[in-house]
Amino acid sequence: MNQKPIWRSASRRSNSREGKAYTVFDSNIVREAVKDTPALSRMWLAIPEGRIPDYVYSGNTLAEAAKKAGMDGAELEKTIKKYNEDVAKGTDSKFGRQYLEGKVGKLVKIEKAPFFVFPISSVIFGIYCGLLINAYAQVIDVFGDVIPGLYAAGEVTGGLHGAGYMSGSGYAKALSFGRVAGQKAFQDN
């Protein structure tokens, strides 16, 4: 398979031609992830304990892990070499990233075996915008008027999250505004 990974971040690699992306990390990143993101430590700690999920490909070299994942090992090694050079400078030259994940943790070189690769995909699990609703979960049009008979709750509505997404808030938004919408719809009919 002749795949050429194009890296997007320290641990994420993508092949835009085939729509594939990979997370690539090593033992150093596992150690840093446990230290800097304790909430994820249960997931990360399974790896050093030898409990590697079926979808994670590992190897004593980057090329070995890449081959198991169906990637071009030489290309992955070149990508990681460039990434490691950037880590030494303190910033990702391709994307300007300065943290290991989000805005947490320092960039860490990928250099200590074993190495790990697993396929990933993008997903939208929460949005910061959406339909404008009032206190009764009625949808408001662009002129500020209620659209009769149209109610919204959950991820299609906007304005709840503010400047940041809080885990679980999507459920609260769906449940609370769903209840309000149901009550209002019942009352109106």
Side-chain angles (χ1 to χ4, degrees), residues 5-25 29-47 49 51-57 69 91-92 94-108 116-189:
I6 301 167
W7 58 286
R8 186 171 63 105
S9 68
S11 60
R12 292 193 180 109
R13 314 288 175 247
S14 71
N15 182 330
S16 58
R17 293 175 309 207
E18 295 183 26
K20 293 182 181 180
Y22 301 90
T23 293
V24 177
F25 59 98
I29 290 180
V30 170
R31 186 188 71 246
E32 288 298 315
V34 170
K35 183 175 77 177
D36 291 329
T37 51
L40 299 176
S41 64
R42 187 167 50 163
M43 175 187 78
W44 287 103
L45 285 174
I47 292 171
E49 292 173 358
R51 294 181 294 146
I52 301 171
D54 292 341
Y55 55 86
V56 176
Y57 304 97
T91 190
D92 167 345
K94 187 153 183 136
F95 298 97
R97 204 173 118 231
Q98 298 174 335
Y99 301 97
L100 184 60
E101 181 64 34
K103 289 192 176 188
V104 177
K106 64 179 183 168
L107 293 175
V108 177
F116 305 95
V117 176
F118 70 91
I120 61 171
S121 62
S122 298
V123 63
I124 296 174
F125 63 91
I127 57 173
Y128 293 91
C129 59
L131 300 172
L132 178 62
I133 60 172
N134 63 16
Y136 301 105
Q138 296 169 298
V139 176
I140 307 299
D141 68 17
V142 295
F143 304 106
D145 298 321
V146 168
I147 300 173
L150 185 59
Y151 305 88
E155 289 301 317
V156 300
T157 63
L160 180 74
H161 298 300
Y165 181 83
M166 296 174 290
S167 185
S169 63
Y171 293 117
K173 187 165 63 167
L175 293 173
S176 58
F177 286 108
R179 183 171 192 269
V180 168
Q183 288 174 333
K184 182 65 174 161
F186 179 78
Q187 180 185 22
D188 289 349
N189 290 314

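Nothing here was measured: the structure is a model prediction, and the numbers come from that model.
- Ring orientation note: the planes of F25 and F116 are close to parallel, at an angle under 30° on the 30°/60° scale.
- Pairing each heavy atom of Q98 with each of T91, the nearest pair is CG-OG1, 3.7 Å.
- Heavy atoms only, all atoms of each residue included: Y151 and A181 are closest at CB-CB, 3.8 Å.
- The number of heavy-atom neighbours closer than 6.0 Å to CZ of F118, taken from other residues, nucleotides and ligands shown, is above 12.
- Rounding to the nearest 0.5 Å places CD1 of I133 at 4.5 Å from CZ of F177.
- Between Q183 and R179, some side-chain heavy-atom pair lies under the 4.5 Å cut-off.
- In this structure, Y99 and L107 approach most closely via the heavy-atom pair O-CD2, 3.2 Å.
- The distance from atom CG of L131 to atom CD1 of I147, rounded to the nearest 0.5 Å, is 8.0 Å.
- Looking at V180, V139, V146 one by one, the single match for side-chain contact (heavy atoms from CB on, under 4.5 Å) with N134 turns out to be V146.
- Heavy atoms only, all atoms of each residue included: K173 and A153 are closest at O-CB, 4.4 Å.
- Residues satisfying the side-chain hydrogen bond (donor to acceptor under 3.5 Å, both in side chains) test with D141, not counting sequence neighbours, are none.
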